[in-house]
Amino acid sequence: DSSFLELANRAGRIMDQALAPTTRTRYLASWRRYEAWCAAKGIQKPNSDPKTITLFLTERSAKVGQSALEQDLAAIRFMCAMNGVEFKDPRNYLRRFMRGIRRERGHDPKRKRMIAPVLLGQMLDHLPENGPKASRDRAALLIGFSLALRRSEIVAIGWDDIVFEDAHLIVRLKPSKNHSNAVFQWIPKVPSSLCAFNAMQHWYQLSNRPIDGPCFPAIRDGKIQKRAVSDRYINRLVKRLLLLCDKVPQEFGAHSLRSGIATAAHWEGLSDADIRKITRHKSTGGLLPYLQPKDGLLHEQIFRSFDNEG
């Protein structure tokens, strides 16, 4: 029955949307890595045996950090379910392994530093004043900062997602980790060197791109390409500019821009509910790790309160 087949195809397409595109890509990469490891060890095909997975993760742990291990494990669970393979771990091998690896590596990993507005301004000062690459990079970093975007969300924006109004910019964000549906967010036009509205408008006029092209395309030999830059390019750009600011790039992470705008808003006295409208966190618990105290402020306040009591 063709109608039944059409329904089945539609159901499959809908289920494919269960994961954000970036997550799906990373899960597939983790699964292929597990497949290759199994083949190298003489295992005919990847399986859900917790002992096998534990050995795979043990070998991986010598090369990668905690978050990569957790992603690999989540990917294996997901792909096993997709392939109809039952995943059981009655003796909690995997849970005990993950707990043990955390203890072996010490307590919680060192918190990454945020990119505060002042530092972002210093980074942007190292970009050339003119040229398509500099204009594109400036716009990408400022819209990423203003909307607390992940790198993958920055490069996913197309010109058809952008609407310029007189006093603000409307941006449509495609479905991602924090939201399963497209969302619209506003960026006001402000008298500041960190104004994303002005940066985006300047880049739009300079790029002269078709309405359905990517906002931040690759540029090769001075020519604008049809494809977008990768999220890895954004990562390299941030690290390069941090080095020029005499910072240690390893002290900053993928969420440093998101943490920067969230913390800046927190310092200005915005409520958690208002900050979550920017970051799109569903709960205050998800937002809290992004909020950082001012240097020395927390301990200074504590000790000052002791002095006052004396």
Side-chain angles (χ1 to χ4, degrees), residues 17-24 26 66-67 70-71 74 108-121 123 139-158 161-165 167-190 192 194-200 215-216 231 234-235 238 251-295 297-298 301:
Q17 301 303 313
L19 291 178
T22 304
T23 304
R24 190 183 306 115
R26 290 174 178 170
Q66 189 71 28
S67 59
E70 291 172 354
Q71 176 183 289
D108 292 336
K110 185 177 180 181
R111 191 179 209 179
K112 297 294 185 180
R113 297 178 60 185
M114 66 173 179
I115 296 178
V118 172
L119 176 55
L120 179 60
M123 293 166 63
L141 292 180
L142 284 175
I143 200 171
F145 179 80
S146 300
L147 295 181
L149 300 179
R150 297 177 177 82
R151 295 176 309 210
S152 59
E153 292 173 321
I154 295 174
V155 301
I157 299 174
D161 298 316
I162 300 292
V163 177
F164 289 98
E165 299 285 354
H168 59 264
L169 181 71
I170 303 175
V171 184
R172 178 181 63 186
L173 299 179
K174 296 177 177 63
S176 69
K177 181 179 179 180
N178 275 16
H179 49 92
S180 56
N181 298 313
V183 298
F184 293 86
Q185 292 200 260
W186 280 253
I187 299 177
K189 183 177 181 179
V190 295
S192 167
L194 300 183
C195 178
F197 179 101
N198 290 335
M200 286 294 293
C215 274
F216 309 112
D231 60 344
I234 301 295
N235 182 47
V238 169
E251 295 180 356
F252 298 81
H255 293 268
S256 290
L257 280 174
R258 281 167 59 78
S259 179
I261 185 65
T263 300
H266 177 65
W267 288 354
E268 287 297 317
L270 268 69
S271 68
D272 289 352
D274 286 335
I275 298 174
R276 286 195 286 114
K277 290 178 182 178
I278 301 173
T279 62
R280 300 168 301 285
H281 282 103
K282 295 178 181 178
S283 67
T284 300
L287 170 65
L288 287 178
Y290 289 81
L291 304 181
Q292 300 189 22
K294 294 182 180 179
D295 291 341
L297 178 63
L298 181 60
Q301 287 181 337

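Residue indices begin at 1 and follow the sequence shown. All values below were derived from every heavy atom in this structure, side-chain atoms included, with hydrogens, water molecules and symmetry-related copies excluded.
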In Å, rounded to the nearest 0.5 Å, how long is the span from [atom1] of [X] to [atom2] of [Y]?
{"X": "Ile115", "Y": "Phe252", "atom1": "CD1", "atom2": "CZ", "result": "6.0 Å"}
{"X": "Glu153", "Y": "Ile234", "atom1": "CD", "atom2": "CD1", "result": "12.5 Å"}
{"X": "Leu120", "Y": "Leu141", "atom1": "CG", "atom2": "CG", "result": "6.5 Å"}
{"X": "Lys174", "Y": "Ile157", "atom1": "NZ", "atom2": "CD1", "result": "7.5 Å"}
{"X": "Leu287", "Y": "Arg258", "atom1": "CG", "atom2": "CZ", "result": "9.0 Å"}
{"X": "Phe145", "Y": "Ile154", "atom1": "CZ", "atom2": "CD1", "result": "11.5 Å"}

Restricting to side chain to side chain contact (heavy atoms under 4.5 Å, CB included), what partner residues turn up for [X], sequence neighbours left out?
{"X": "Ser67", "answer": "none"}
{"X": "Val163", "answer": "Glu165, Ile170"}
{"X": "Ser259", "answer": "Met114, Thr263, Tyr290, Gln292"}

Salt bridge present between Arg151 and Asp231 (N-O < 4.0 angstrom)
no
Could you check Ser256 against Glu251 for side-chain contact (heavy atoms from CB on, under 4.5 Å), going step by step and ending with a plain yes or no?
CA-CA 9 Å; Ser256 290; Glu251 295 180 356; over 6 Å; no
Would you confirm whether [X], through its side chain, and [Y], through its main-chain N or O, come within 3.5 Å as a donor-acceptor pair?
{"X": "Arg280", "Y": "Leu147", "result": "yes"}
{"X": "Asn198", "Y": "Cys195", "result": "no"}
{"X": "Ser146", "Y": "Leu142", "result": "yes"}
{"X": "Thr279", "Y": "Ala148", "result": "no"}
{"X": "Arg276", "Y": "Lys282", "result": "yes"}

If you take all heavy atoms of Phe216 and Met200, which pair is closest and at what distance?
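Heavy-atom minimum between the residues: CZ-SD, 3.7 Å.
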Might you point out which heavy atoms bring Leu173 and Gln185 nearest each other, and give the distance in Å?
CD1-OE1, 3.3 Å
Quick one, Val171 and Phe184 - any side-chain contact, counting heavy atoms below 4.5 Å?
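The answer is no, as the side chains (C-beta and beyond) never meet within the 4.5 Å cut-off.
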Beyond-backbone contact of Cys215 with Asp161, side-chain heavy atoms, under 4.5 angstrom
no
Checking Gln71 against Gln66 for the side-chain contact (heavy atoms from CB on, under 4.5 Å) test, could you report, in this order, the C-alpha distance in whole Å, the side-chain angles of both residues, the deciding distance, and whether it holds?
CA-CA 9 Å; Gln71 176 183 289; Gln66 189 71 28; over 6 Å; no
